Amino acid sequence: MNLQKLSRLDLNLLVALQALLEERSVTRAAKRLFITQPAMSRVLQRLRQQLDDPLFTRSGNELVATPKAQDLQLRLPAMLDGILAMISVGVFDPASHVGEITIAVPEFFAISLVSRLIESLSVVAPGVVLSVSSDTDSVERELAEGILDFAIDIDKPLGMDIEATHLVNYSPSIWMREGHPLAEQHSISLDEILEYPFVQYYLLIAKRVSARTDARFDKTLRKLGRKRTKALVTKQFMTAMETISRSNCLMVAARYGHTIEENTYPIVRKGFPDDLPHEQTITLVLLQHKRTFESPIHCWLVSQITGVIMNKEAQKVG
DNA sequence: AAAGTTAGTCAGCGACTTAA
DNA sequence: TTAAGTCGCTGACTAACTTT
């Protein structure tokens with residue numbers, strides 16, 4: 001945008017121009033804007049200089065608009081209405097809001113959340129476009145710079161500028177295909193699961209995946225002096241699910257009620273081995289930067305996202 | 001604090017319209 | 001035709017604000 005050129009234009013002149021275009025009279029336009037006729041005459045003079053066009057020619061007691069003024073008459077009202085809407089403080093109306101919201105969500109969570117969210121938004125806020133990704137270089141930085149509006153991630157300590165809203169608790173579990181040698185066992189041991197290769201699926205939002213990157217599971221094993229075999233490292237949920245469906249690979253993932261993958265893939269989930277120390281739950285939180293705390297659309301979306309999740313919880317209980 | 005800039009008012013002008 | 005009224009423009013001036 002050419003801000004240098006814009007800075008030379010007094011935008012207030014456009015308001016006067018709109019009055020002149022509507023009234024077709026310097027005197028009446030002056031009355032509209034509560035200034036005297038000579039003052040309005042000088043405003044017209046400045047407009048003529050800045051826009052390099054006479055804008056109006058006098059014909060008797062009437063001002064006749066030049067082609068340039070006629071062109072401006074078509075475009076100016078929408079521009080001024082836009083500015084007025086921008087600066088007006090009123091009640092936020094999701095139905096009339098137009099804009100894009102960017103959100104980083106882990107794919108396994110996005111599958112169930114985003115579809116339900118869109119189901120609701122498309123009715124109550126048809127002008128809102130959700131832009132969903134599952135990778136970021138730095139959640140904190142991208143939230144701060146406005147690249148992201150929200151992120152959903154595992155609960156962990158972050159800077160003071162980031163607020164976390166609790167969403168759900170997941171239970172970590174071991175996933176495998178139906179008919180897997182371990183599938184019929186009531187409980188499984190650490191020794192047993194380490195006999196099989198693993199799919200390392202990234203539960204969280206991340207930019208790159210690498211077999212060298214240790215998951216929590218790998219760190220826990222290391223403390224015990226153990227190590228697992230990795231067959232695949234991916235953040236592609238469908239790739240991970242297809243792989244464990246067609247092989248003896250195991251996958252450490254999180255279970256949250258009855259989810260889409262349960263219907264789609266022949267998967268069996270097992271609790272963590274008793275002889276493997278682990279967290280009982282993984283908490284997912286909705287992250288937003290303080291710059292959006294007062295923003296009506298952001299506040300409203302937080303309520304929509306938590307609402308969608310609470311509905312899902314209610315269905316789960318019911 | 002002084003000088004410069006900006007945006008306004010007042011007074012008056014010329015061009016034009018209207019009504020007698 | 002002419003006088004009165006309307007309209008936009010401009011010079012002179014002022015007040016408020018900004019810059020030096």
Side-chain angles (χ1 to χ4, degrees), chain A residues 1-102 125 127-129 137-138 140-150 158-163 288-302:
Chain A
M1 186 181 289
N2 192 339
L3 292 177
Q4 206 175 359
K5 192 171 182 181
L6 268 177
S7 72
R8 285 195 220 107
L9 176 68
D10 177 357
L11 294 177
N12 206 31
L13 289 179
L14 297 180
V15 178
L17 177 57
Q18 181 61 28
L20 285 163
L21 286 165
E22 285 180 21
E23 297 294 343
R24 294 296 161 96
S25 155
V26 173
T27 304
R28 288 195 297 274
K31 281 179 185 163
R32 278 276 292 276
L33 300 186
F34 304 104
I35 58 175
T36 59
Q37 178 272 320
M40 181 55 83
S41 181
R42 290 192 202 284
V43 167
L44 178 56
Q45 212 170 41
R46 297 212 303 280
L47 273 166
R48 283 167 168 161
Q49 280 172 359
Q50 299 233 351
L51 301 177
D52 196 26
D53 188 270
L55 298 172
F56 299 96
T57 52
R58 194 172 165 181
S59 172
N61 281 346
E62 191 187 9
L63 289 184
V64 180
T66 65
K68 182 157 187 171
Q70 286 174 335
D71 176 48
L72 288 167
Q73 188 167 21
L74 292 176
R75 293 191 280 166
L76 201 52
M79 283 169 54
L80 295 178
D81 279 345
I83 293 171
L84 198 59
M86 186 178 72
I87 61 171
S88 296
V89 282
V91 178
F92 171 68
D93 178 20
S96 60
H97 183 87
V98 175
E100 181 180 355
I101 294 293
T102 56
V128 172
V129 179
D137 282 328
S138 159
E140 253 184 292
R141 182 178 60 77
E142 292 190 10
L143 285 170
E145 290 178 2
I147 297 167
L148 286 174
D149 293 294
F150 296 103
L158 289 168
M160 296 288 285
D161 293 343
I162 306 290
E163 185 173 276
Q288 67 178 117
H289 190 264
K290 69 174 181 186
R291 70 185 168 78
T292 64
F293 288 176
E294 303 300 322
S295 157
I297 175 66
H298 289 83
C299 294
W300 181 79
L301 260 175
V302 169

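Reckoned from all heavy atoms, side chains included, excluding hydrogens, waters and symmetry mates. For clarity, every value in this text was computed on a predicted model and none was experimentally measured. So that the names make sense, note that chain A is the first sequence line, chain B the second, and so on, each numbered from 1.
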Non-hydrogen atoms of [X] and [Y] that approach each other most closely:
| X | Y | answer |
| --- | --- | --- |
| A/A144 | A/H289 | CA-CD2, 3.6 Å |
| A/S41 | A/V26 | N-CG1, 3.7 Å |
| A/F293 | A/E163 | CZ-CB, 3.3 Å |

With a 4.0 Å limit, can you tell me whether [X] has a side-chain N or O closer than that to the phosphate oxygens OP1/OP2 of [N]?
| X | N | answer |
| --- | --- | --- |
| A/S41 | C/dG8 | no |
| A/Q45 | C/dT10 | yes |
| A/T27 | C/dT6 | no |

First locate atom CG of A/L20, then atom CG of A/L14, and finally report the distance between them rounded to the nearest 0.5 Å.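 CG of A/L14 is found 11.5 Å from CG of A/L20.
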When rounded to the nearest 0.5 angstrom, what is the spacing between CG in A/L143 and CD1 in A/I162?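 That separation rounds to 4.5 Å.
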Which whole-number value in Å describes the distance from [X] [atom1] to [N] [atom2]?
| X | N | atom1 | atom2 | value |
| --- | --- | --- | --- | --- |
| A/E23 | C/dG8 | CD | P | 11 Å |
| A/F56 | C/dC9 | CZ | P | 10 Å |
| A/M40 | C/dG8 | CE | P | 10 Å |
| A/L20 | C/dC7 | CG | P | 14 Å |
| A/R24 | C/dG8 | CZ | P | 12 Å |

Of the nucleotides C/dC7, B/dG8, C/dC9, which has the atom closest to the A/R48 side chain?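 Taking heavy atoms from C-beta onward, the closest nucleotide is C/dC9.
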Please pick, from B/dT9, C/dC9, C/dC7, the nucleotide with the shortest atom-to-atom distance to any side-chain atom of A/S25.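 Among B/dT9, C/dC9, C/dC7, the one nearest the side chain of A/S25 is C/dC7.
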Between the protein and nucleotides 11-15 of chain C, which nitrogen or oxygen pairs come in under 3.5 angstrom?
residue: C/dG11; atom: N7; partner: A/R42; partner atom: NH2; Å: 3.0
residue: C/dG11; atom: O6; partner: A/R42; partner atom: NH2; Å: 2.6
residue: C/dA12; atom: N6; partner: A/R42; partner atom: NH2; Å: 3.0

Partner residues of A/Q37 under the side chain to side chain donor-acceptor pair (under 3.5 Å) criterion, sequence neighbours left out: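 By the side chain to side chain donor-acceptor pair (under 3.5 Å) rule, A/Q37 matches no residue at all.
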Tell whether A/Q37 reaches the base of C/dC9 with its side chain through a donor-acceptor pair below 3.5 angstrom.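 When only heavy-atom distances are counted, A/Q37 does reach the base of C/dC9 through a donor-acceptor pair under 3.5 Å.
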Which residue pairs pass the side-chain hydrogen bond (donor to acceptor under 3.5 Å, both in side chains) test with at least one member in residues 93-102 of chain A, sequence neighbours excluded?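 Every side-chain hydrogen bond (donor to acceptor under 3.5 Å, both in side chains) pair that includes a residue of residues 93-102 of chain A, provided the two are not neighbours, is A/D93-A/S96, A/E100-A/S131, A/T102-A/D149.
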